[in-house]
Amino acid sequence: TSPARNADLRRMRTQTEIGLALLDLGKRDAAITALDRARAISPHLQVPSPPDRGDSKAALIRARQK
């Protein structure tokens, strides 16, 4: 894979982890922002359904339910 694609994958995973941590801390709005950023990167990777995308989607659902 290209260096740019690797950077995007790392950025997506990092934003997902940040979002999950913020959600655990009760900072829903900040978590939603980070998770939305992660999901915005994912379609550009041209992977049908990477596990990281599922993690961020599940966390967004959790954040928006509270």
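Along the sequence shown, the residues carry numbers beginning at 1.
A salt bridge does not link D55 with R39: none of the charged nitrogens is closer than 4.0 Å to a carboxylate oxygen.
Applying the salt bridge (Lys or Arg N to Asp or Glu O under 4.0 Å) criterion to R11, with sequence neighbours excluded, gives D8. Applying the salt bridge (Lys or Arg N to Asp or Glu O under 4.0 Å) test to D29 and every residue at least two apart in sequence or in another chain returns nothing. With sequence neighbours excluded, the residues that form a side-chain contact (heavy atoms from CB on, under 4.5 Å) with L20 are T16, E17, A59.
When hydrophobic side chains of Ile, Leu, Val, Met, Phe, Trp and Tyr are connected at separations under 4.5 Å, L22 ends up clustered with I18. Other residues sharing a hydrophobic cluster with L35 under the 4.5 Å side-chain heavy-atom criterion for ILVMFWY residues are I32, L60.
The distance from the CG atom of L9 to the OG1 atom of T14 is 10.5 Å, given to the nearest 0.5 Å. Taking OG of S56 as the start and CE of M12 as the end, the distance is 7.0 Å to the nearest 0.5 Å.
In plain terms, the two heavy atoms of A31 and G19 that are nearest each other are CB-O, 3.3 Å. Closest of all the heavy-atom pairs between R28 and L23 is CG-CD1, 4.2 Å.
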Verdict with supporting geometry, I61 and Q65, side chain to side chain contact (heavy atoms under 4.5 Å, CB included):
CA-CA 6 Å; I61 291 169; Q65 285 180 343; 3.6 Å; yes
